[in-house]
Amino acid sequence: MNLPKDPVILLSYINTQLRDNYASLSELCNAAGCSAEDIIRILEKIDYHYNSDTNQFI
């Protein structure tokens, strides 16, 4: 799966997927064939961090 390259669009896409389709970031990444570490690193650059309690980047 090709994820959006723009960090803000990636944020929106990931949070939507987490809200609508996946119970965790690792579940999303397993299904999409991507690295959770890469997503976390990219979104940390725009000051968003994954919160497992709410299952979203905040």
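FYI, the numbering just counts along the sequence from 1. Keep in mind that the numbers below use all heavy atoms, side chains included, and drop hydrogens, waters and symmetry copies.
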**Asked** Where the side chain of Asn15 meets the backbone of Gln56, is there a donor-acceptor pair that is under 3.5 Å apart?
**Response** no
**Prompt:** Is Tyr48 reaching over with its side chain to a backbone N or O of Leu11, donor-acceptor style, under 3.5 angstrom?
**Reply:** no
**Asked** Of all heavy-atom pairs between Ile39 and Cys29, which one has the smallest distance, and what is that distance?
**Response** CD1-SG, 3.8 Å
**Message:** Would you compute the distance between atom CD of Glu37 and atom CD1 of Ile40 and round it to the nearest 0.5 angstrom?
**Reply:** 6.0 Å
**Message:** Please evaluate residues Arg41 and Lys45 with respect to the criterion side-chain contact (heavy atoms from CB on, under 4.5 Å), reporting the C-alpha separation (whole Å), side-chain torsions for both, the decisive distance (0.1 Å), and the verdict.
**Reply:** CA-CA 7 Å; Arg41 181 182 43 80; Lys45 290 180 182 178; 3.9 Å; yes
**Asked** Of the non-hydrogen atoms in Leu10 and Leu3, which two are nearest, and what is the gap between them?
**Response** CD1-CB, 4.0 Å
**Message:** Could you report the tightest heavy-atom contact between Pro4 and Ile9, atom names first, then the distance?
**Reply:** CB-CG2, 3.6 Å
**Request:** For Arg19 and Thr16, run side-chain contact (heavy atoms from CB on, under 4.5 Å): C-alpha distance rounded to whole Å, both residues' side-chain angles, the deciding distance at 0.1 Å, then the answer.
**Result:** CA-CA 5 Å; Arg19 181 191 68 223; Thr16 299; 3.7 Å; yes
**Asked** Would you say Tyr13 and Ile46 are hydrophobically clustered, going by side-chain heavy atoms of ILVMFWY under 4.5 Å?
**Response** yes
**Asked** Where is the tightest heavy-atom contact between Cys34 and Leu28, given as atom of each residue plus distance?
**Response** SG-CD2, 4.4 Å
**Prompt:** Which atoms form the tightest heavy-atom contact between Asn51 and Asp53, and what is the distance?
**Reply:** OD1-N, 2.8 Å
**Complete:** Shortest non-hydrogen pair, Phe57 vs Tyr50, comes out as CD2-N, 3.4 Å
